Protein chains: 2
Amino acid sequence: MPRSTQTDLAVLAALSIQPMTGYALRDAIRLHLGGFWSESFGQIYPALARLRDEGLVAAGEGERSGSSLHSLTPSGRARLVELMREPPTSSPPRNGMLLRLFFGSVLGAAACRELVADARAQAVAMLEALAVARRETEAEPTDLPQRPYWLMTISAGEHSARAAIAWADETLESLATLPG
Amino acid sequence: MPRSTQTDLAVLAALSIQPMTGYALRDAIRLHLGGFWSESFGQIYPALARLRDEGLVAAGEGERSGSSLHSLTPSGRARLVELMREPPTSSPPRNGMLLRLFFGSVLGAAACRELVADARAQAVAMLEALAVARRETEAEPTDLPQRPYWLMTISAGEHSARAAIAWADETLESLATLPG
DNA sequence: TCCGTCATGTAAATGGTTACATGATTCG
DNA sequence: CGAATCATGTAACCATTTACATGACGGA
């Protein structure tokens with residue numbers, strides 16, 4: 001049984017918004033953190049079991065039989081604050097698109113154009129998804145304490161996506177001048 | 001023994017530039033691909049051994065006793081092209097800074113300001129490193145086939161870093177208006 | 001001679017995904 | 001009833017880092 005503080009942090013943090021089942025937890029992470037985080041069932045369920053054993057989350061009765069609503073206990077909240085204070089660790093980068101482009105002379109300019117065009121399309125799709133998220137978040141009551149923070153992470157995605165689009169346009173122009 | 005096509009791709013691609021020892025391979029990846037790729041010794045050496053067994057790389061005598069210069073064989077180059085053509089897979093995102101910021105109301109505005117300021121400083125450092133890389137790459141002979149591709153990946157880093165700085169400045173302003 | 005760097009490798013632990021097995025509930 | 005979705009969990013596999021062990025070579 002792995003004891004990933006990364007997963008613990010995400011799970012405890014999500015439960016700090018509201019009690020959830022493991023299933024809903026994964027949906028919530030995909031929906032709200034999808035741009036910069038991910039967890040799979042294979043991580044979430046063992047983590048919940050462990051956090052339950054440690055008394056950091058409490059499992060109440062869910063609406064369906066067999067399902068359990070997990071909520072933060074006081075010591076769970078304390079642990080959450082503790083984990084939040086740890087310096088963020090960034091996973092080592094692995095960008096397959098840029099790796100291929102760096103060795104683009106092996107692949108040829110045409111294939112590289114496709115690579116960059118795909119990346120551009122992904123960034124455009126991301127920007128559209130973020131526009132929806134922004135509208136929904138701006139519709140939240142202004143006194144919701146999470147609201148300004150949610151908007152900041154949305155803005156991070158927007159900046160990143162716009163930069164990706166600008167880079168792709170510039171790069172597609174450069175690639176157009178290359179043979180192959 | 002893992003058979004990571006990701007690592008194979010990076011190793012074969014790097015050897016396509018010039019023959020190297022495993023040690024030099026890791027240095028080259030850190031220096032030239034550091035912004036978007038990483039490999040550790042624990043990946044590189046087993047990968048080289050396997051690629052040697054498969055006849056994709058040949059091990060010649062290195063300058064020192066016991067060291068071996070690895071170079072691409074013809075079938076190694078074929079395999080490289082094959083791997084390059086596969087669609088790039090992006091590793092699931094895990095941005096610890098944005099995760100903490102999303103749940104910033106748990107942490108408080110002051111700690112969040114620190115988080116964002118650190119991210120800004122990192123982006124500035126990245127931009128400086130990229131300026132050096134750009135100067136060095138622009139000094140390469142213009143008929144070097146890799147040159148335009150190297151400049152494109154450098155530009156990707158520059159766009160991304162500038163976007164991170166702009167976002168950080170905007171976000172630090174927002175955070176300044178928040179209590180705590 | 002001793003230290004730093006070059007160099008190769010292995011073992012253990014960790015982190016994570018994927019696929020699978022199982023069953024309840026809801027809705028058409 | 002049958003299909004889709006909600007829900008929990010496990011097992012196998014894959015990927016990756018870290019720490020360690022070992023030793024050659026060059027220069028102060």
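Each chain gets a letter, A, B and so on, in the order its sequence line appears, and its residues count up from 1. Values in this document were obtained by computation on a predicted structure and should not be read as measured data.
Residue A:Tyr45 shares its hydrophobic cluster (ILVMFWY side chains chained together at separations under 4.5 Å) with A:Tyr23, A:Phe41.
Atom CD in A:Gln6 sits roughly 16 Å away from atom P in D:dT16 (whole-Å rounding). When rounded to the nearest whole Å, the span between CD of A:Glu61 and P of D:dA7 equals 13 Å. A:Trp37 places its CH2 atom 11 Å from the P atom of C:dT17, with the value rounded to the nearest Å. Regarding A:Leu25, its CG atom lies at a distance of 15 Å from the P atom of D:dC6, rounded to whole Å. Straight-line distance from the CD1 atom of B:Ile29 to the P atom of D:dT17: 11 Å, rounded to whole Å. One atom, CE of A:Met20, and another, C1' of D:dC6, lie 15 Å apart when rounded to the nearest Å. Protein atom CD1 of A:Ile44 is 14 Å distant from nucleotide atom P of D:dT10, rounded to whole Å.
When each of D:dC25, C:dA24, D:dT10 is scored by its nearest atom to the side-chain atoms of A:Pro46, the top-ranked nucleotide is D:dT10.
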Item to complete: Indicate for each nucleotide in nucleotides 2-9 of chain C, in 5' to 3' sequence, whether protein heavy atoms under 4.0 Å reach the base (B), only the sugar-phosphate (S), or nothing (-).
Response: ----BBBB
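Among the atoms of the strands shown, only primed sugar atoms or phosphate atoms (P, OP1, OP2) are found under 4.0 Å from some heavy atom of B:Arg94.
Aromatic ring orientation, A:Trp150 versus A:His32: parallel (interplanar angle below 30°, classes split at 30° and 60°).
More than 12 heavy atoms of other shown residues, nucleotides or ligands fall within 6.0 angstrom of atom CD in A:Glu86.
Within the structure, a side-chain polar atom (N or O) of B:Ser65 is placed less than 4.0 Å from OP1 or OP2 of D:dC25. Listed pair B:Ser38 / D:dT16 fails the phosphate criterion, with no side-chain N or O lying under 4.0 Å from OP1 or OP2. Applying the 4.0 Å criterion to OP1 and OP2 of D:dT18, one finds that B:Ser40 has every side-chain N and O outside that range.
A donor atom on one side chain and an acceptor atom on the other are found under 3.5 Å apart for A:Ser155 and B:Glu170.
Atoms CE and OG1, from A:Met152 and A:Thr137 in turn, are 12.5 Å apart once rounded to the nearest 0.5 Å.
Within the structure, ring pair (Phe, Tyr, Trp, His ring centres under 6.0 Å) pairs that include any residue of residues 108-132 of chain A do not occur (at least two apart or interchain).
Between A:Arg147 and A:Glu138, none of the side-chain N atoms (NZ, or NE/NH1/NH2) sits under 4.0 Å from a carboxylate O, so this pair counts as no salt bridge.
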